[in-house]
Amino acid sequence: MNLQMLGTGNAFAKKYFNTNALFYVEGRTVMLDCGITAPLSLYQLNKSFNDIDALLISHIHADHIGGIEEFAFQMKFVHKRKPLLYVPAVLVERLWEFSLKGGLLQDEFYSLDDYFEVKLLHEGAAAEIVPGFKVEPILTKHIPNKPSFSYFINESFFYSADMLFDRALLESLIERGCRVIFHDCQLSSPAAVHASIDDLLTLPEAIQEHVWLMHYDDSKDEYAGQTGRMRFVDQHRMYNFE
Ligand SMILES: O=c1ccn([C@@H]2O[C@@H]3COP(=O)(O)O[C@H]3[C@H]2O)c(=O)[nH]1
Ligand SMILES: [Zn+2]
Ligand SMILES: [Zn+2]
């Protein structure tokens, strides 16, 4: 499985773009989250939305879903194809009603299904969304009463969406065979709605070695050497994890 981040920054980052990912698996491309900066990042990589086979979303904040209107319009009117959209069932109505409907609703196009082949995911139920790419949605704490999902991929790779520090979850994933943890972070403390670097530094070094930090702000370089055994993920770099 190859992985390339469209961005590695937080919601307000200007240097690193929004934390959104491209997974390349057996000739297919899965996008995990499509934020405001995703269209420009794809363009910089010389890619188009037509290169995406499936979109998977974590939660409803613009740095994770703000690029979907352009994705939908480009697929309908430029590329004339309906891509797969995998969305946790609990998010599907609010994704349309509270976010996308304002732009996408027009005569003849009344719902998400008019733009996407919508497939529902369920918490804790792993689903092979393209061959060789199995995702287990895990409901993780982010904003009170606002569902947000992280994904355990192929029982070996954990991708936090936006989540508060959860030591017990990370320990249980390692016990289940997780070897790579891509985790959002807040560089400064105390953390409000993410895991702070200080939170993550309380993990034993044996777990820190598996942790790659993403969703950081534009002051990231000031934290070089202050992240224990944890490494920062770089935008647009190709990573291979088997
Ligand atoms: O209760 C709240 C809600 C939001 N926020 C900020 O807005 C951002 C929205 O995107 P995000 O989830 O990546 O990060 C969030 C935070 O930076 C916050 O600090 N406290
Ligand atoms: Zn975010
Ligand atoms: Zn968020």
Side-chain angles (χ1 to χ4, degrees), residues 3-23 30-42 55-71 85-100 102 121 123 135 137-153 157-166 169-170 181-200 211-223 227 230 232-236:
L3 162 62
Q4 188 173 35
M5 300 301 293
L6 287 172
T8 51
N10 70 8
F12 313 140
K14 301 297 174 270
K15 287 162 65 175
Y16 304 112
F17 289 25
N18 303 146
T19 290
N20 304 161
L22 293 178
F23 292 87
V30 176
M31 181 187 284
L32 203 172
D33 285 337
C34 180
I36 299 164
T37 58
L40 180 57
S41 183
L42 280 175
L55 170 63
L56 171 67
I57 70 156
S58 65
H59 71 295
I60 299 182
H61 271 154
D63 55 321
H64 301 267
I65 59 147
I68 298 181
E69 179 178 310
E70 179 174 340
F71 189 4
L85 171 64
Y86 283 91
V87 53
V90 71
L91 295 181
V92 71
E93 188 184 349
R94 59 188 94 189
L95 176 63
W96 176 253
E97 291 293 332
F98 301 155
S99 179
L100 298 176
L121 297 171
E123 184 190 357
V135 299
I138 301 176
L139 186 61
T140 41
K141 288 195 172 66
H142 178 35
I143 308 275
N145 297 315
K146 188 172 177 64
S148 179
F149 290 84
S150 299
Y151 289 100
F152 192 30
I153 298 168
F157 182 102
F158 179 69
Y159 186 100
S160 82
D162 286 352
M163 61 178 271
L164 291 163
F165 182 58
D166 186 342
L169 174 64
L170 300 178
I181 296 171
F182 269 37
H183 209 298
D184 63 306
C185 69
Q186 180 177 307
L187 298 171
S188 58
S189 292
V193 297
H194 298 280
S196 70
I197 296 284
D198 288 334
D199 290 333
L200 291 161
V211 175
W212 296 73
L213 302 166
M214 56 183 188
H215 207 287
Y216 40 77
D217 70 46
D218 284 344
S219 70
K220 186 259 280 181
D221 286 348
E222 295 168 27
Y223 289 79
T227 61
M230 301 180 288
F232 286 110
V233 188
D234 292 328
Q235 184 191 20
H236 290 176

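Worth knowing before you read on, the calculation uses all heavy atoms, side chains too, and leaves out hydrogens, waters and symmetry mates. Computed from a predicted model, the values in this text were never measured in an experiment. Counting starts at 1 for both ligands and their atoms, following the listed order.
Close approach of ligand 1 to His215 is summarised as follows: ligand atoms under 4.0 Å from at least one heavy atom of the residue are 13 (O). Listed by number with element, the atoms of ligand 1 under 4.0 Å from a non-hydrogen atom of Asp63 are 10 (O), 13 (O).
The residue Asp184 has no part lying near ligand 1, judged by heavy-atom distances below 4.0 Å. The proximity of Ile143 to ligand 1, defined as any non-hydrogen pair under 4.0 Å, is limited to the side chain.
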Check against side-chain contact (heavy atoms from CB on, under 4.5 Å), Tyr223 and Phe232: CA-CA 10 Å; Tyr223 289 79; Phe232 286 110; 4.1 Å; yes
Check against side-chain contact (heavy atoms from CB on, under 4.5 Å), Phe165 and Leu200: CA-CA 7 Å; Phe165 182 58; Leu200 291 161; 3.9 Å; yes
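For the atom pair Met5 CE and His215 NE2, the distance stands at 9.5 Å (nearest 0.5 Å).
Rounded to 10°, the angle that NE2 of His64 and NE2 of His215 form at the Zn ion (ligand 2) is 110°. Rounding to 10°, one obtains 100° for the angle at the Zn ion (ligand 3) between NE2 (His59) and ND1 (His61).
Few gaps surround CD on Glu97; more than 12 heavy atoms of other groups in view lie less than 6.0 Å from it.
Between Phe157 and Phe182, the angle of the ring planes lies from 30° to 60°, which puts this pair in the tilted group.
Ring centers of Phe158 and Tyr151: at least 6.0 Å apart, outside the cut-off. For an aromatic pair to be called close, the ring centres must be under 6.0 Å apart, and His64 with His142 fails this.
In terms of protein heavy atoms, atom 8 (C) of ligand 1 is closest to Phe12 CZ, 3.8 Å. Considering only non-hydrogen protein atoms, atom 5 (N) of ligand 1 sits nearest to Val193 CG2, 4.4 Å.
Between Asp162 and His61 the shortest side-chain heavy-atom distance falls below 4.5 Å.
In this structure, Asp162 has a heavy atom closer than 4.0 Å to ligand 1. By the 4.0 Å heavy-atom criterion, His142 is counted among the residues contacting ligand 1.
Take the N/O/S atoms of Asp63: the one nearest the Zn ion (ligand 2) is OD2. Atom OD2 is the N, O or S atom of Asp162 at the shortest distance from the Zn ion (ligand 2).
In terms of N/O distances under 3.5 Å, ligand 1 is approached by His194. In terms of polar-atom proximity, defined here as any N/O pair under 3.5 Å, His61 does make such a contact with ligand 1.
For the pair Asp199 and Ala191, the tightest heavy-atom approach, listed with the atom from each and the gap, is OD2-CB, 3.9 Å.
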